[in-house]
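These values consider heavy atoms only, across backbone and side chains, with no hydrogens, waters or symmetry-generated copies.
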Amino acid sequence: TDVFVELDERAQIANRAKADLFISIHANSTAAGHKGTTTSGTETYTLGMHRAAENLEVAKRENTVITLENNFEQKYEGFDPKSSESYIIFELMQDQNMAASVSLAKEIQKQFRTTAKRTDRGVHQAGLLVLARTSMPAVLVELGYINNRTEEKYMNSKEGIAALSKSIYNAIVAYKK
(Lines give C-alpha, C1' and ligand atoms only; values in the text may rest on other atoms or scores of the structure.)
Protein backbone atom coordinates (compact mmCIF):
# COMPACT_ATOMS: atom_id res chain seq x y z
CA THR A 1 0.00 0.00 0.00
CA ASP A 2 1.00 3.61 -0.36
CA VAL A 3 0.95 4.80 3.24
CA PHE A 4 3.25 7.07 5.23
CA VAL A 5 5.25 5.19 7.85
CA GLU A 6 6.74 7.45 10.51
CA LEU A 7 10.55 7.68 10.46
CA ASP A 8 10.99 6.16 13.92
CA GLU A 9 8.65 3.28 13.08
CA ARG A 10 10.66 2.44 9.94
CA ALA A 11 13.73 1.80 12.09
CA GLN A 12 11.69 -0.07 14.70
CA ILE A 13 10.26 -2.42 12.05
CA ALA A 14 13.81 -3.35 11.02
CA ASN A 15 14.96 -3.65 14.64
CA ARG A 16 12.02 -5.91 15.61
CA ALA A 17 12.71 -8.11 12.59
CA LYS A 18 16.40 -8.29 13.58
CA ALA A 19 17.22 -7.23 10.03
CA ASP A 20 20.77 -7.59 8.72
CA LEU A 21 20.55 -4.34 6.72
CA PHE A 22 18.35 -1.27 6.59
CA ILE A 23 17.97 0.40 3.19
CA SER A 24 15.63 3.37 2.95
CA ILE A 25 14.88 4.22 -0.70
CA HIS A 26 13.91 7.75 -1.74
CA ALA A 27 13.52 10.07 -4.71
CA ASN A 28 15.48 13.29 -4.28
CA SER A 29 14.39 16.85 -5.08
CA THR A 30 16.15 20.18 -5.25
CA ALA A 31 15.25 22.93 -2.79
CA ALA A 32 11.80 24.36 -3.36
CA GLY A 33 11.14 21.49 -5.80
CA HIS A 34 11.70 23.51 -8.98
CA LYS A 35 10.12 21.50 -11.79
CA GLY A 36 12.47 21.06 -14.69
CA THR A 37 15.74 21.14 -12.75
CA THR A 38 18.83 19.76 -14.50
CA THR A 39 20.29 18.42 -11.23
CA SER A 40 20.68 14.66 -11.58
CA GLY A 41 22.27 11.57 -10.11
CA THR A 42 22.19 9.10 -7.27
CA GLU A 43 23.62 9.48 -3.81
CA THR A 44 23.69 7.34 -0.69
CA TYR A 45 23.76 8.52 2.92
CA THR A 46 24.95 6.93 6.14
CA LEU A 47 24.47 8.14 9.68
CA GLY A 48 26.84 10.99 10.55
CA MET A 49 29.41 10.55 13.31
CA HIS A 50 27.74 13.23 15.45
CA ARG A 51 24.62 11.05 15.56
CA ALA A 52 26.55 7.96 16.69
CA ALA A 53 27.53 9.80 19.90
CA GLU A 54 23.91 10.88 20.33
CA ASN A 55 22.78 7.25 19.89
CA LEU A 56 25.03 6.28 22.80
CA GLU A 57 23.55 8.98 25.06
CA VAL A 58 20.00 7.97 24.16
CA ALA A 59 20.84 4.32 24.81
CA LYS A 60 22.29 5.15 28.23
CA ARG A 61 19.14 7.01 29.24
CA GLU A 62 16.62 4.57 27.82
CA ASN A 63 18.37 1.34 28.82
CA THR A 64 18.19 2.00 32.56
CA VAL A 65 14.51 0.96 32.53
CA ILE A 66 15.50 -2.68 32.00
CA THR A 67 16.49 -2.86 35.66
CA LEU A 68 12.76 -2.77 36.45
CA GLU A 69 12.22 -6.03 34.55
CA ASN A 70 12.41 -9.45 36.17
CA ASN A 71 15.55 -11.42 35.22
CA PHE A 72 16.92 -8.56 33.09
CA GLU A 73 20.46 -10.00 33.46
CA GLN A 74 19.49 -13.23 31.68
CA LYS A 75 17.02 -11.64 29.30
CA TYR A 76 19.59 -9.11 28.04
CA GLU A 77 22.52 -11.55 28.16
CA GLY A 78 24.52 -9.80 30.87
CA PHE A 79 24.01 -6.24 29.63
CA ASP A 80 24.27 -3.87 32.59
CA PRO A 81 22.98 -0.36 31.85
CA LYS A 82 25.11 1.01 34.71
CA SER A 83 28.34 -0.61 33.52
CA SER A 84 30.90 1.26 31.41
CA GLU A 85 31.96 -2.03 29.85
CA SER A 86 28.47 -2.61 28.43
CA TYR A 87 28.64 0.75 26.69
CA ILE A 88 32.14 0.14 25.37
CA ILE A 89 30.68 -2.92 23.63
CA PHE A 90 27.74 -0.76 22.43
CA GLU A 91 30.19 1.80 20.98
CA LEU A 92 32.12 -0.98 19.22
CA MET A 93 28.86 -2.20 17.69
CA GLN A 94 28.03 1.36 16.57
CA ASP A 95 31.51 1.69 15.00
CA GLN A 96 31.09 -1.65 13.21
CA ASN A 97 27.66 -0.62 11.94
CA MET A 98 29.09 2.73 10.79
CA ALA A 99 31.94 1.07 8.87
CA ALA A 100 29.58 -1.53 7.39
CA SER A 101 27.10 1.20 6.39
CA VAL A 102 29.81 3.13 4.56
CA SER A 103 30.98 -0.05 2.82
CA LEU A 104 27.42 -0.83 1.67
CA ALA A 105 26.86 2.79 0.56
CA LYS A 106 30.04 2.73 -1.55
CA GLU A 107 28.96 -0.53 -3.18
CA ILE A 108 25.50 0.86 -3.95
CA GLN A 109 27.01 3.92 -5.63
CA LYS A 110 29.43 1.72 -7.60
CA GLN A 111 26.52 -0.37 -8.86
CA PHE A 112 24.49 2.69 -9.80
CA ARG A 113 27.47 3.83 -11.92
CA THR A 114 28.17 0.47 -13.56
CA THR A 115 24.81 -1.32 -13.72
CA ALA A 116 22.34 1.57 -14.10
CA LYS A 117 24.80 4.01 -15.76
CA ARG A 118 23.70 6.82 -13.41
CA THR A 119 25.59 9.95 -12.38
CA ASP A 120 27.37 9.28 -9.07
CA ARG A 121 26.81 12.10 -6.56
CA GLY A 122 28.70 10.17 -3.89
CA VAL A 123 28.40 8.79 -0.39
CA HIS A 124 27.62 11.28 2.37
CA GLN A 125 27.13 11.26 6.13
CA ALA A 126 24.24 13.13 7.71
CA GLY A 127 22.11 13.11 10.84
CA LEU A 128 19.07 11.61 9.12
CA LEU A 129 16.40 10.57 11.60
CA VAL A 130 15.36 7.52 9.58
CA LEU A 131 18.88 6.08 10.16
CA ALA A 132 19.38 7.25 13.73
CA ARG A 133 17.60 4.45 15.58
CA THR A 134 18.66 1.41 13.58
CA SER A 135 20.67 -1.36 15.24
CA MET A 136 22.18 -2.66 12.01
CA PRO A 137 24.14 -1.21 9.07
CA ALA A 138 21.84 1.40 7.52
CA VAL A 139 21.78 3.58 4.41
CA LEU A 140 19.41 6.03 2.76
CA VAL A 141 19.47 5.86 -1.04
CA GLU A 142 18.42 8.72 -3.32
CA LEU A 143 17.57 7.18 -6.72
CA GLY A 144 17.44 10.45 -8.63
CA TYR A 145 15.71 13.82 -8.76
CA ILE A 146 11.94 13.61 -9.05
CA ASN A 147 11.79 17.24 -10.23
CA ASN A 148 14.16 16.55 -13.13
CA ARG A 149 11.77 15.52 -15.91
CA THR A 150 14.28 13.14 -17.50
CA GLU A 151 15.07 11.40 -14.20
CA GLU A 152 11.41 11.29 -13.18
CA LYS A 153 10.58 9.54 -16.46
CA TYR A 154 13.52 7.13 -15.99
CA MET A 155 12.58 6.28 -12.38
CA ASN A 156 9.00 5.54 -13.48
CA SER A 157 9.98 3.43 -16.50
CA LYS A 158 10.21 -0.36 -16.48
CA GLU A 159 13.85 -0.08 -17.59
CA GLY A 160 14.70 2.41 -14.85
CA ILE A 161 12.99 0.41 -12.13
CA ALA A 162 14.77 -2.74 -13.29
CA ALA A 163 18.23 -1.10 -13.50
CA LEU A 164 17.95 0.73 -10.18
CA SER A 165 16.63 -2.30 -8.31
CA LYS A 166 19.25 -4.57 -9.92
CA SER A 167 21.93 -2.09 -8.82
CA ILE A 168 20.76 -2.28 -5.21
CA TYR A 169 20.50 -6.07 -5.40
CA ASN A 170 24.00 -6.39 -6.88
CA ALA A 171 25.34 -4.09 -4.17
CA ILE A 172 23.84 -6.26 -1.42
CA VAL A 173 25.32 -9.40 -2.97
CA ALA A 174 28.76 -7.78 -3.31
CA TYR A 175 28.56 -6.37 0.23
CA LYS A 176 27.72 -9.81 1.70
CA LYS A 177 30.79 -11.31 -0.01
Side-chain angles (χ1 to χ4, degrees), residues 1-31 33 35-52 54-55 90-177:
T1 61
D2 185 10
V3 297
F4 178 77
V5 178
E6 293 180 1
L7 298 181
D8 187 53
E9 180 58 17
R10 296 174 197 185
Q12 293 310 317
I13 290 168
N15 291 338
R16 284 192 300 269
K18 297 181 179 9
D20 295 323
L21 297 173
F22 180 86
I23 302 172
S24 188
I25 300 172
H26 299 252
N28 214 340
S29 181
T30 55
K35 200 69 173 165
T37 184
T38 58
T39 305
S40 65
T42 63
E43 52 194 336
T44 303
Y45 288 86
T46 65
L47 186 65
M49 291 300 288
H50 64 288
R51 293 297 295 210
E54 185 179 311
N55 271 2
F90 181 84
E91 281 190 81
L92 288 172
M93 287 172 49
Q94 286 287 309
D95 287 347
Q96 286 177 336
N97 283 344
M98 184 83 61
S101 297
V102 170
S103 177
L104 175 60
K106 287 179 178 177
E107 193 59 48
I108 289 170
Q109 285 303 119
K110 175 183 171 188
Q111 290 296 325
F112 281 147
R113 275 190 323 272
T114 59
T115 302
K117 309 294 189 229
R118 306 311 293 163
T119 300
D120 182 354
R121 295 181 59 87
V123 172
H124 310 282
Q125 289 189 333
L128 301 171
L129 292 175
V130 71
L131 303 178
R133 297 261 173 127
T134 58
S135 61
M136 72 284 302
V139 297
L140 183 145
V141 176
E142 296 284 6
L143 298 176
Y145 285 79
I146 197 74
N147 60 333
N148 174 318
R149 288 184 179 105
T150 304
E151 288 210 333
E152 178 186 19
K153 185 177 176 182
Y154 175 77
M155 287 187 287
N156 282 311
S157 71
K158 287 182 183 179
E159 299 79 19
I161 292 168
L164 293 167
S165 58
K166 184 173 177 139
S167 296
I168 295 170
Y169 171 80
N170 288 348
I172 293 167
V173 170
Y175 166 82
K176 295 227 14 119
K177 287 182 183 177

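The closest side-chain heavy-atom distance from I168 to I25 is below 4.5 Å. Q111 places none of its side-chain heavy atoms less than 4.5 Å from the side chain of Y169. Between H26 and E43 the shortest side-chain heavy-atom distance does not fall below 4.5 Å. You'll find the side chain of L143 reaches within 4.5 Å of the side chain of V141, heavy atoms only. Looking only at side-chain heavy atoms (C-beta outward), N170 and T114 stay at 4.5 Å or farther from each other. Counting heavy atoms from C-beta on, the side chains of R10 and L7 come closer than 4.5 Å.
Using a cut-off of 4.0 Å between Lys/Arg side-chain N and Asp/Glu carboxylate O, E9 and R16 are scored as salt-bridged.
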Where do N28 and T39 land on the side chain to side chain contact (heavy atoms under 4.5 Å, CB included) test, with the steps shown first? CA-CA 10 Å; N28 214 340; T39 305; over 6 Å; no
Start with the C-alpha gap between D120 and F112, add the side-chain angles, then the distance that decides, and say whether side chain to side chain contact (heavy atoms under 4.5 Å, CB included) holds. CA-CA 7 Å; D120 182 354; F112 281 147; over 6 Å; no
Using the rule given for side chain to side chain contact (heavy atoms under 4.5 Å, CB included), can you reason through L47 versus N97, listing the C-alpha separation, both sets of side-chain angles and the distance that settles it, and then say yes or no? CA-CA 10 Å; L47 186 65; N97 283 344; over 6 Å; no
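The nearest pair of heavy atoms linking V130 to F22 is O-CE2, 3.7 Å. Considering every non-hydrogen atom in both T115 and A163, the closest pair reads CG2-O, 4.2 Å. Taking every heavy atom of both residues into account, N156 and I161 meet most closely at O-CD1, 4.1 Å. The nearest pair of heavy atoms linking T134 to A11 is CG2-CB, 3.8 Å.
Applying the salt bridge (Lys or Arg N to Asp or Glu O under 4.0 Å) definition to pairs two or more places apart or across chains, none involves residues 163-177.
Between the side chain of S101 and the backbone N or O of A138, at least one donor-acceptor pair lies under 3.5 Å.
Note that OG1 of T42 is 8.5 Å distant from CD of E151, once rounded to the nearest 0.5 Å. The line from CD of E142 to OG of S24 is 8.5 Å long, rounded to the nearest 0.5 Å. Interatomic distance, D20 CG to I172 CD1, rounded to the nearest 0.5 Å: 10.5 Å. A distance of 14.0 Å separates OG1 of T44 from NZ of K110, quoted to the nearest 0.5 Å. In this structure, CZ on R121 lies 7.0 Å from OG on S40, to the nearest 0.5 angstrom. The OG atom of S157 lies 8.0 Å from the CG atom of L164; values are rounded to the nearest 0.5 Å.
Cation-pi geometry between R118 and Y154 is met: the NZ or CZ atom falls under 6.0 Å from the ring centre, inside 45° of the normal.
Checked by atom type, the side-chain pair S135/N15 shows a donor-acceptor distance below 3.5 Å.
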